[in-house]
2 protein chains.
Amino acid sequence: MTEPHRVERHTRQRQVITAYMKAQAQFLTAQQVHDGLRELGDTVSLPTVYRTLTALVEAGDLDVRVSNNQSAYRHCSPHHHHHLVCRQCGRTIELADSPVEQWATAIANEHGFTDVDHTIEILGLCPACATLAPRC
Amino acid sequence: MTEPHRVERHTRQRQVITAYMKAQAQFLTAQQVHDGLRELGDTVSLPTVYRTLTALVEAGDLDVRVSNNQSAYRHCSPHHHHHLVCRQCGRTIELADSPVEQWATAIANEHGFTDVDHTIEILGLCPACATLAPRC
DNA sequence: CAGTTTCATGAGAATCATTATCAATTAGTC
DNA sequence: GACTAATTGATAATGATTCTCATGAAACTG
């Protein structure tokens, strides 16, 4: 009944995608990653881009964000899953620990919930976009 | 330059969908709403279900939640957009005001963000699911 | 280093949620 | 009841994501 021991392989494609995502400051769709890599000469098939991004999300290396019926991925430092995001340009600021952590846990306990996790996202207009685009 | 004055019409389909969603405690996909209505004998075309649900979301009457590449919709009381959700059965508990509100606003101001909104979601395993399904 | 195993990749097709199109229906108004 | 514009439904189109499966290449073996 022991798991068949799945070995993770270190392929060119995975390295390329991982490196690319680490260098990226924005949320990118699979398609954008695919195109971006091609521009650098590192061709990776679209299905592989999807597979790898999904794997990286499961590994906790990437954050996902769905908008417009599309998933966008972005590198994120582990354990700090809260963001302040500009709804215009997508500029993201990672937020450190907050009072929310404790509150969330407390609320969950109160209702008997276990194995608790939480997501917080603050959306707004960053200073730059506020001045540049009064109305888009 | 005045808007052409768009009149909202009160159709059978809209009433039916609105009523149905109000009576529902779970997040439902457009397809599920469509099927549910058909079972009640209130047939509404799938495109119309989509159109109506989208409109209701924009009106602030419904919450959306994306999972498995599908949007799910659920009635929600306005102004309280925070939920404690069971990741297994989808059971949802609406959370009242929290310390987060102030914190979010403070953080946003600190970074010069304006027109701020936020989303918080606490995911966990509800007591029922925790006992029934130790491992799925 | 050659052989073997097994996972990963890529090309293409398939899926399937969501949207667009457009003619036919209707709600709201006079 | 007639008029007008919004709404609906049938259908097709779109497009992101996933599946299939033959080929390629890691990792391991001896």
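Residue numbers start from 1 in every chain, and the chains themselves are labelled A, B, ... in the order their sequence lines are given, proteins ahead of strands.
Rounded to whole Å, atom P of dA17(C) lies 17 Å from atom CD of Gln70(A). Taking atom CG of Leu53(B) as the reference point, atom C1' of dT19(C) lies 14 Å away to the nearest angstrom. Remark: C1' of dA16(D) and CG of Leu28(A) are 16 Å apart, rounded to the nearest angstrom. Rounded to whole Å, atom P of dG24(D) lies 15 Å from atom CZ of Arg9(A). In this structure, His10(B) places its NE2 atom 18 Å from C1' of dA5(D), rounding to the nearest Å.
With dA10(D), dA17(C), dC7(C) as the candidates, the nucleotide lying closest to the side chain of Ser45(B) is dA10(D). In the set dT18(D), dA17(C), dT17(D), the nucleotide with an atom closest to the side chain of Leu46(A) is dT17(D). Of the listed nucleotides (dT26(C), dG10(C), dA8(C)), dG10(C) has the atom at the smallest distance from the side chain of Val44(A). Of all nucleotides listed (dG10(C), dA17(C), dT21(C)), dT21(C) comes nearest to the side chain of Arg51(B). For Pro47(A), the listed nucleotide lying nearest its side chain is dC19(D); candidates were dC19(D), dT19(C), dG28(C). Comparing dT9(C), dA26(D), dG9(D) by their closest approach to the side chain of Arg14(A) singles out dT9(C). Closest to the side chain of Thr11(B), from the set dT19(C), dT17(D), dT7(D), is dT7(D).
Between dT18(D) and Asn69(B), a contact under 4.0 Å exists linking OP1 or OP2 to a side-chain N or O. Residue Ser71(A) places at least one side-chain N or O closer than 4.0 Å to OP1 or OP2 of dT17(D). In this structure, Gln13(A) does not reach the dA25(D) phosphate: none of its side-chain N or O atoms is under 4.0 Å from OP1 or OP2. Using a 4.0 Å cut-off, no side-chain N or O of Tyr50(A) falls inside it from OP1 or OP2 of dT18(D). The side chain of Thr29(A) contributes no N or O atom lying less than 4.0 Å from OP1 or OP2 of dA16(D). Between dG15(D) and Gln31(A), no contact under 4.0 Å exists linking OP1 or OP2 to a side-chain N or O. Between Thr48(B) and dG9(D) there is a side-chain N or O to OP1 or OP2 distance below 4.0 Å.
Rounding to the nearest 0.5 angstrom, the gap separating the CG atom in Asp63(A) from the OH atom in Tyr73(A) is 11.5 Å. Distance check, rounded to the nearest 0.5 Å: CG of Leu28(B) to CG of Leu53(B) gives 9.0 Å. Taking CH2 from Trp103(B) and CD1 from Ile120(A), the interatomic distance works out to 5.0 Å, rounded to the nearest 0.5 Å.
Between the axis at the start and the axis at the end of the helix from dC1(C)-dG30(D) to dC30(C)-dG1(D) there is an angle of 40°, using five pairs per end and rounding to 10 degrees.
Following chains of ILVMFWY side-chain contacts shorter than 4.5 Å, one cannot reach Ile93(B) starting from Phe27(B), and the two form parts of different hydrophobic clusters.
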Could you give the side-chain donor-acceptor pairs of residues 40-49 of chain B under 3.5 Å, partners two or more places apart or in another chain?
residue	atom	partner	partner atom	Å
Ser45(B)	OG	Thr48(B)	N	3.3
Ser45(B)	OG	Thr48(B)	OG1	3.0
Thr48(B)	OG1	Arg51(B)	NH2	3.2

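Between His111(B) and Pro127(A), the shortest heavy-atom contact is O-CG, 3.6 Å. Here the closest heavy-atom approach between residue Tyr20(A) and residue Gln32(A) is recorded as OH-O, 4.4 Å.
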